[in-house]
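Every number for a ligand or one of its atoms is a count from 1 in the order of the listing.
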Amino acid sequence: MKPKYKRILLKLSGEGLMGNKPFGICGEEVLRLCEQIKQIHDLNVEVCLVIGGGNIFRGAKEAASGMDRSMADQVGMLATVMNALFLQDCLLKLGVDTRVMSGLQIPEVCEPYVYQKAVRHLKKGRVLIFAAGTGCPYFTTDTGAALRASEMNCEAIFKATQVDGVYDSDPRSNDKAKRFDEVSYDEVVEKNLKIMDISAVVLAKESKIKIIVFKQQDEGSLLNAVCGKGLFTVVK
Ligand code: GTP
């Protein structure tokens with residue numbers, strides 16, 4: 001297997017950590033994901049990681065039901081820090097040197113995000129997990145992922161989802177939904193294809209970073225997608 005990319009950012013959904021649980025973190029699922037990350041790290045791919053927090057708390061949803069949006073988003077950002085620490089612990093146990101850098105200053109828990117240090121960690125072959133999104137409310141972890149991918153000069157954002165690419169409608173409810181092999185950033189925005197939020201797609205476009213949408217659950221799907229094999233959609 002030969003990777004097509006030297007440096008990538010992997011965007012995982014928080015829900016993807018739940019396994020079969022209705023909430024929280026499933027240890028076996030975290031291990032399965034970390035083994036996939038180790039596979040590409042072993043091929044010398046430099047890996048940045050951003051994880052959502054929806055398995056613990058969803059800021060926008062809570063705000064919709066009456067909670068102050070800024071405070072709800074702060075709780076959501078803290079949820080991503082918890083997920084990041086779980087992933088770090090698991091990756092370290094697999095022998096993968098991993099650092100967590102947070103957009104919120106919590107120095108007792110993890111390193112604060114410092115651009116120059118982040119670059120240094122990547123050059124040293126460490127997996128780098130960016131926690132707490134952008135550190136600001138009103139931005140999703142998708143936008144945080146596009147921002148960090150831009151700063152770190154990643155060649156692609158690998159967006160892990162429940163389905164194996166971008167479809168013209170939801171393939172889980174419409175069995176005639178059509179999957180795209182390739183789609184442009186503009187089409188994603190114009191057709192509101194909802195693979196990432198619009199600000200993330202626009203930033204990826206401006207930074208000329210491809211978005212590769214693949215299925216998180218499938219065995220070996222990350223390794224395959226990084227090597228250009230299997231099913232996925234490229235947004236470019
Ligand atoms: P280089 O190898 O030269 O890049 O330095 P280093 O990163 O090994 O040294 P550093 O002192 O930065 O980190 C040593 C350990 O302390 C690592 O496990 C870091 O994750 C941890 N560490 C560094 N800064 C912080 C911080 O602000 N908060 C927390 N919680 N840990 C930190």
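Residue pairs meeting the salt bridge (Lys or Arg N to Asp or Glu O under 4.0 Å) criterion with at least one member in residues 54-70, sequence neighbours excluded: Glu15-Arg58, Arg69-Asp73.
Protein neighbours of ligand 1 below 4.0 Å, counting non-hydrogen atoms: Arg99, Pro107, Glu108, Val109, Cys110, Glu111, Pro112, Lys117, Arg120, His121, Lys124, Arg126.
Annotation: Met71, atom CE; neighbour count of heavy atoms from other residues, nucleotides and ligands within 6.0 Å does not exceed 12.
Defined by atom type and a distance below 3.5 Å, a donor-acceptor pair is missing between the side-chain atoms of His41 and Glu46. For the 3.5 Å distance criterion, the side chains of Asp181 and Thr233 fail to qualify, holding no donor opposite an acceptor. Using a 3.5 Å distance cut-off with no hydrogens or angles, the side chains of Tyr113 and Glu151 do pair a donor with an acceptor.
Cation-pi geometry between Arg120 and Tyr115 is not satisfied (NZ or CZ under 6.0 Å from the ring centre, within 45° of the ring normal).
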